[in-house]
Amino acid sequence: MTTAVRVRFAPSPTGTLHIGNARTALFNWLYARSLGGKFILRIEDTDQVRSTPEATQAVLDSMRWLGIDWDEGPECGGPHAPYFQAQRLDLYRAQLENLAGQGLAYRCFCTDAELQERRKAVEDAGGTFLYDGRCRSLGEAEIKSKLGAGAAFSWRFRTEAKTLAWDDLVRGPISFDGALLGDFIIVRSDGFPTYNFAVVVDDGLMGITHVLRGEDHVSNTPRQLFLYQALGLPVPRFGHLSMILGENREKLSKRHGATGVMEFRENGYLPDALINHLALLGWAPEDGIEVIPREKLKKAFVSPHFHAAPAVFDYAKLDFLNGTAIRGLTPESAWEAFQPFLAKLDFIPAQIRSDRPRMEAMVELVRSHCHRLSDLGRELRVLFVDELTPPEEVRKEWLLTDGARALAKLASERLSALDAPTVAYGEIQQLQKDAKTLLNLGGKHFFKPLRVMLLGAEHGLELEKVLPFLTRAQVLRRLGRNLN
RNA sequence: GGCCCCUUCGUCUAAGGGUUAGGACACCAGGUUUUCAUCCUGGCAAUAGGGGUUCGAAUCCCCUAGGGGUCGCCA
């Protein structure tokens, strides 16, 4: 019998939720969901300077939008509350005393400036700076006098020369030489724990069994192993996920496109599509089917195999997945999903906008043409704006010809003969016959010019399906622009 | 620079000693649709290089090259 899986996502609230962190959250969540474990959200706000409540809220909002729910954490609490590190200071203090009592932690009175100076000296000489252990064995008297003088101090962990090793879930066996680590700070001079200390205390106390995190944490792991051993806390299994890169194989940044989770929402992506794509970065489904619904994903990480190489974020594939997801929506949920983007369109008259059935029908009309929800405007525009501007080469080929001019004339005459508010497709079919006999225009020489006149482009929505959404007056107006 | 990790089509990946090295996206071609999108079919395209081990290496070992991570009183 193995212990139930307990995994966590532990962001620091210093900005928006980055897509790379979202991937980490997702993998942990999927791992928990697949194995019936618990997913814990913990806020690592020990950086007094950079952490903000707004950022915490932004992280929670992003998580909720993605649909990644947590079993323990902010707003829902749990057996290991609180889930904000800034509220767990007494816990760290107790563990510090534990270490100090064992002689494994000591006060360091070296100032920032002093450390920088010594670092520079070593590096200028071509070496790699490690804390030199100056405060490692200060005498009681010396410590007392410094404390008496009100000197600031941090606490350092006393490392030793031994091998720190673990079997990484992603990378297999990894080991470090403890002698190369140097005594590192576990409690800052402001009394707050550093990341390496707090994370071990919390993961240990919260009973975390697996830690899936970014590759940038590999080099922290040996330090944390030192701490786990010294504290006698159970060591979780570690798995270090590859980084996510931009197209030029550099760290994903703004210049590659959106990087914040909420930006993807604003750009018209569905959370399910984003999740689907993120899941495919460093992981692959056993059945090879890559379009994966959320519910299936939640069962798929039973014995996941992760790819250790960095992955380039593929915006094109995301678009494909998103288009597929948009087409897979029910009409009702599609209607809901498009709302924010529909609201932004300024070319829809209020009267039509309030005609719900008509609006829903229009969304259905253009849905399969959208890769992103934000493509809605581009598609719908043609139903409302009469001043269409086809590209010059299209205009030249299909509009500026004698045949097109004659067709415009004939169409205007024929389609103004009836007064029904919209043009029926039957009228177009009749027009097609007349154009063939009178003007000898058939096939694409009939449809293409007509399409460009009415819809402003060579390609696009089906004429037959668009017609019910255009008034006869609109049709005639558009034809009229080509009469001379 | 030290330490650690990584390297299969353009991109995401499968294959963990024996396969014509498979799939997906993108791209190209054909079919369906009067166009486009959708959908279907087909095509292009990869084991970084060099040594070993082995009857047999994408798979194991070594070297080289390239890439990434990290070296904070940030997380």
Side-chain angles (χ1 to χ4, degrees), chain A residues 10-14 21 44-47 49-51 85 108 110-112 115-116 119 123 126-131 152-156 168 170-172 174-177 180-182 184-196 198-199 213-222 240 242-243 245 247 249-251 277 279-291 305 307-321 323-324 327 366-371 375 379 428-429 432 442-448 450-452 455 457-464:
Chain A
S12 62
T14 54
N21 290 121
E44 310 222 319
D45 53 354
T46 54
D47 186 333
V49 181
R50 298 196 304 151
S51 300
Q85 289 190 325
C108 172
C110 298
T111 67
D112 231 352
L115 289 168
Q116 267 180 43
R119 176 185 308 277
E123 286 173 358
T128 302
F129 180 76
L130 283 183
Y131 179 65
F153 62 89
S154 57
W155 287 88
R156 284 184 188 269
D168 199 273
V170 179
R171 284 148 215 281
I174 301 179
S175 63
F176 282 82
D177 180 355
L180 267 31
L181 260 30
F184 54 95
I185 291 178
I186 54 176
V187 175
R188 294 192 280 248
S189 47
D190 66 2
F192 273 67
T194 59
Y195 164 74
N196 279 123
V199 80
R213 67 208 330 186
E215 185 190 348
D216 47 336
H217 286 291
V218 169
S219 56
N220 281 324
T221 308
H240 292 92
S242 60
M243 300 271 94
L245 276 25
E247 262 127 355
R249 304 207 72 90
E250 284 173 7
K251 212 166 176 178
H277 183 242
L280 261 16
L281 262 27
W283 170 83
E286 271 179 45
D287 60 11
I289 299 172
E290 297 186 343
V291 177
H305 166 259
H307 192 65
V312 173
F313 191 90
D314 189 347
Y315 289 92
K317 190 156 185 172
L318 207 215
D319 277 1
F320 159 77
L321 254 11
T324 303
R327 290 191 297 278
V366 303
R367 205 167 112 194
S368 70
H369 290 250
C370 297
H371 280 103
D375 291 337
E379 298 299 327
I428 299 296
Q429 290 171 312
Q432 185 184 7
K444 68 178 178 179
H445 294 288
F446 171 75
F447 280 105
K448 284 276 189 178
L450 191 62
R451 150 176 296 283
V452 177
L455 304 176
E458 239 182 323
H459 309 298
L461 303 170
E462 266 180 80
L463 204 47
E464 185 176 2

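Chain A is the first sequence line, chain B the second, and so forth, proteins listed ahead of strands; every chain is numbered from 1. Keep in mind the model is a prediction, meaning the values are calculated, not measured.
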key: Distance between C1' atoms of U13(B) and A26(B) (Å, rounded)   = 15 Å
ask   = So which nucleotide from U35(B), G69(B), A75(B) ends up closest to the side chain of S12(A)?
value = A75(B)
message = Using a distance-only criterion (donor-acceptor N/O pair, under 3.5 Å, no hydrogens), is the base of C73(B) paired with the side chain of S189(A)?
response = yes
remark   = By the Watson-Crick or G-U definition, both distances under 3.5 Å, U59(B) is matched with none
ask   = Looking at residues at least two apart in the chain, or sitting in another chain, which of them share a side-chain hydrogen bond (donor to acceptor under 3.5 Å, both in side chains) with R156(A)?
value = none
task = Describe the nucleic acid contact of S242(A) in one word from base, sugar-phosphate, nothing, applying a heavy-atom distance below 4.0 Å.
result = nothing
inquiry  = Just N and O in the side chain of R249(A): are any of them under 4.0 Å from OP1 or OP2 of U11(B)?
reply    = yes
inquiry  = Any base atoms under 4.0 Å from N196(A), or only sugar-phosphate, or nothing? Heavy atoms, all strands.
reply    = nothing
ask   = Quantified in whole Å, what is the C1' atom distance between nucleotide A45(B) and nucleotide A24(B)?
value = 14 Å
inquiry  = Applying side-chain hydrogen bond (donor to acceptor under 3.5 Å, both in side chains), can you list everything that pairs with H277(A), at least two apart in sequence or on another chain?
reply    = none
request  = Please list, chain by chain and in numerical order, all residues satisfying ring-ring contact (aromatic ring centres under 6.0 Å, His included) with F184(A), sequence neighbours excluded.
outcome  = F157(A)
ask   = Rounding to a whole Å, what distance do you find between I185(A):CD1 and A75(B):P?
value = 11 Å
ask   = Base, sugar-phosphate, or nothing: which does H217(A) touch, judged by heavy atoms less than 4.0 Å apart?
value = base
ask   = What distance, rounded to whole Å, do you find between the two P atoms, one in C4(B) and one in U64(B)?
value = 14 Å
query = Checking all strands, does E462(A) fall into the base, sugar-phosphate, or nothing category for heavy-atom contacts under 4.0 angstrom?
reply = base
Distance between P atoms of A21(B) and A29(B) (Å, rounded) = 28 Å
ask   = Sequence neighbours excluded, which residues qualify as side-chain hydrogen bond (donor to acceptor under 3.5 Å, both in side chains) partners of N21(A)?
value = none
request  = Write down the partner of U53(B) under the Watson-Crick or G-U wobble criteria, each distance required to be under 3.5 Å.
outcome  = none
query = Between C36(B) atom P and L461(A) atom CG, what is the distance in whole Å?
reply = 13 Å
Any protein N or O atoms within reach of nucleotides 1-6 of chain B? Criterion: under 3.5 Å, listing atom names and distances.
| from | atom 1 | to | atom 2 | distance (Å) |
| --- | --- | --- | --- | --- |
| G1(B) | N2 | T128(A) | OG1 | 3.4 |
| C5(B) | O2' | R171(A) | NH1 | 2.3 |

request  = Please state the P separation for the pair G68(B) and U32(B) - nearest whole angstrom.
outcome  = 49 Å
When the side chains of residues 311-319 of chain A are checked against the rest of the protein, which donor-acceptor pairs come out under 3.5 Å, sequence neighbours left out?
| from | atom 1 | to | atom 2 | distance (Å) |
| --- | --- | --- | --- | --- |
| D314(A) | OD1 | A316(A) | N | 3.1 |
| D314(A) | OD1 | K317(A) | N | 3.2 |
| Y315(A) | OH | A258(A) | O | 2.8 |
| K317(A) | NZ | E290(A) | OE1 | 2.6 |
| D319(A) | OD1 | Y269(A) | OH | 2.5 |
| D319(A) | OD2 | R372(A) | NH1 | 3.3 |

query = Any side-chain heavy atom of C110(A) within less than 4.5 Å of one from Y131(A)?
reply = yes
query = Counting side-chain heavy atoms from CB outward, which of C12(B), A14(B), G68(B) is closest to L280(A)?
reply = C12(B)
request  = Name all residues meeting the side-chain contact (heavy atoms from CB on, under 4.5 Å) criterion together with D216(A); count only those two or more places apart in sequence or in a different chain, and write none if there are none.
outcome  = M243(A)
query = Can you list the residues that meet the side-chain hydrogen bond (donor to acceptor under 3.5 Å, both in side chains) rule with H445(A), with sequence neighbours excluded?
reply = none
key: Sugar-phosphate, base or nothing in reach of G460(A), heavy atoms under 4.0 Å   = base
message = Tell me the interatomic distance from R327(A), atom CZ, to U38(B), atom C1', rounded to whole angstroms.
response = 6 Å
query = Using a cut-off of 4.0 Å on non-hydrogen atoms, how would the nucleic acid contact of L181(A) be classed: base, sugar-phosphate, or nothing?
reply = nothing
message = Any carboxylate oxygen within less than 4.0 angstrom of a Lys/Arg side-chain nitrogen, looking at E458(A) and R451(A)?
response = no
query = Taking the P atom of each, how far is C62(B) from U53(B), in whole Å?
reply = 15 Å
key: Nucleotide nearest K448(A) when distance is taken to its side chain, options A15(B), U35(B), A75(B)   = U35(B)
query = What about D216(A): does its side chain form a donor-acceptor pair under 3.5 Å with the base of A75(B)?
reply = no
inquiry  = By the 4.0 Å heavy-atom rule, please label E458(A) as base, sugar-phosphate, or nothing.
reply    = base
inquiry  = I need the minimum non-hydrogen distance between A198(A) and Q85(A), along with the two atoms involved.
reply    = CB-NE2, 3.5 Å
Restricting to nitrogen or oxygen on both sides, can you table the protein-nucleotides 25-27 of chain B pairs closer than 3.5 Å?
| from | atom 1 | to | atom 2 | distance (Å) |
| --- | --- | --- | --- | --- |
| C25(B) | O2' | K317(A) | N | 3.4 |

